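Working notes, beginning with the structure itself.
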Amino acid sequence: IKAIEVGQVRMGACRRPRRILRGVPRLLPDVLLVSIEDVNMTQALRVQYPGVFGVGAVAADAVSDMRGSLNLTIAFGEASDGSKVTACSGDFQPGATQLMGPLGV
């Protein structure tokens with residue numbers, strides 16, 4: 001990834017009551033919902049193949065823009081379990097792509 005920009009991040013948390021000390025909120029939520037909107041990402045790729053004794057050698061660079069959004073659901077287990085991403089969805093559309101070789105764009 002060459003560059004990334006994020007427009008807005010929204011988070012929502014869901015907490016169950018404790019079994020003991022019900023009046024004291026949990027430190028970590030049971031589930032955290034994260035929505036990342038207006039993601040603008042530029043990716044770069046370099047391809048180099050030496051060929052066989054130089055025959056068929058290829059060298060090129062590509063740069064592509066992607067725009068979209070990403071949604072994550074993160075579940076927090078007990079202290080020993082840590083956290084896990086239990087759901088992930090996104091909607092990204094590729095933008096302009098430039099391919100540059102030895103002779104230019």
Side-chain angles (χ1 to χ4, degrees):
I1 297 175
K2 191 173 182 178
I4 189 165
E5 296 175 357
V6 175
Q8 183 176 10
V9 177
R10 287 189 276 178
M11 292 189 282
C14 303
R15 287 182 169 83
R16 292 182 294 205
R18 291 177 179 247
R19 292 181 190 147
I20 302 171
L21 300 172
R22 290 184 178 264
V24 179
R26 290 178 178 262
L27 181 61
L28 292 175
D30 295 308
V31 176
L32 183 65
L33 305 172
V34 181
S35 175
I36 305 169
E37 299 175 359
D38 299 325
V39 178
N40 297 321
M41 181 172 47
T42 303
Q43 294 177 297
L45 174 69
R46 171 167 283 170
V47 177
Q48 289 183 323
Y49 176 69
V52 179
F53 300 112
V55 177
V58 175
D61 293 314
V63 177
S64 180
D65 294 325
M66 302 275 292
R67 299 182 191 284
S69 62
L70 180 65
N71 300 302
L72 298 170
T73 302
I74 303 169
F76 293 93
E78 299 301 321
S80 62
D81 293 339
S83 61
K84 297 176 186 169
V85 175
T86 57
C88 178
S89 64
D91 181 26
F92 285 90
Q93 287 81 36
T97 300
Q98 295 178 348
L99 181 62
M100 296 155 284
L103 301 176
V105 178

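Just so it is clear, the structure is predicted and the values come from calculations on it, not from any experiment.
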Practice task
Hey, could you give me each pair passing side chain to side chain donor-acceptor pair (under 3.5 Å) that has a residue in residues 44-59? Not counting sequence neighbours.
Solution key: Arg46-Asp61
Problem - Spatial distance of atom CD (Glu37) from atom CZ (Arg10) [nearest 0.5 Å] - result: 4.0 Å
Fill in the blank from the handout: By salt bridge (charged side-chain N to carboxylate O under 4.0 Å, His left out), Asp38 pairs with (sequence neighbours left out) none
Exercise for the section: Return the set of residues passing side chain to side chain contact (heavy atoms under 4.5 Å, CB included) with Ala13 (not counting sequence neighbours), or none when no residue passes. Expected result: Arg15, Pro29, Leu32
Problem - Single-linkage hydrophobic cluster Val47~Met100, side-chain heavy atoms < 4.5 angstrom - result: no
Name the atoms and distances for all side-chain donor-acceptor pairs under 3.5 Å in residues 67-75, with sequence neighbours left out.
from: Arg67; atom 1: NH1; to: Asn40; atom 2: OD1; distance (Å): 2.8
from: Asn71; atom 1: OD1; to: Ser35; atom 2: OG; distance (Å): 3.2

Exercise for the section: Identify whether Val31 and Val9 are in the same connected component of the hydrophobic contact network (ILVMFWY, side-chain heavy atoms under 4.5 Å). Expected result: no
Fill in the blank from the handout: Applying side-chain hydrogen bond (donor to acceptor under 3.5 Å, both in side chains) to Gln93 and not counting sequence neighbours gives Asp91
Practice task
Could you state whether Ile4 and Met66 fall into the same hydrophobic cluster, counting links through intermediate Ile, Leu, Val, Met, Phe, Trp or Tyr residues with side-chain heavy atoms under 4.5 angstrom apart?
Solution key: yes
Exercise for the section: Would you kindly confirm whether Leu45 and Ile1 end up in one hydrophobic cluster when ILVMFWY residues are joined by side chain heavy atoms under 4.5 Å apart? Expected result: no
Practice task
Indicate if Val34 and Met41 have the same hydrophobic cluster label, given that clusters are the connected sets of ILVMFWY residues with side-chain heavy-atom separations under 4.5 angstrom.
Solution key: yes
Exercise for the section: List in chain and number order the residues that pass side chain to side chain contact (heavy atoms under 4.5 Å, CB included) with Thr42, two or more places apart in sequence or in another chain; answer none if no residue qualifies. Expected result: Lys2, Ala3, Val63, Asp65
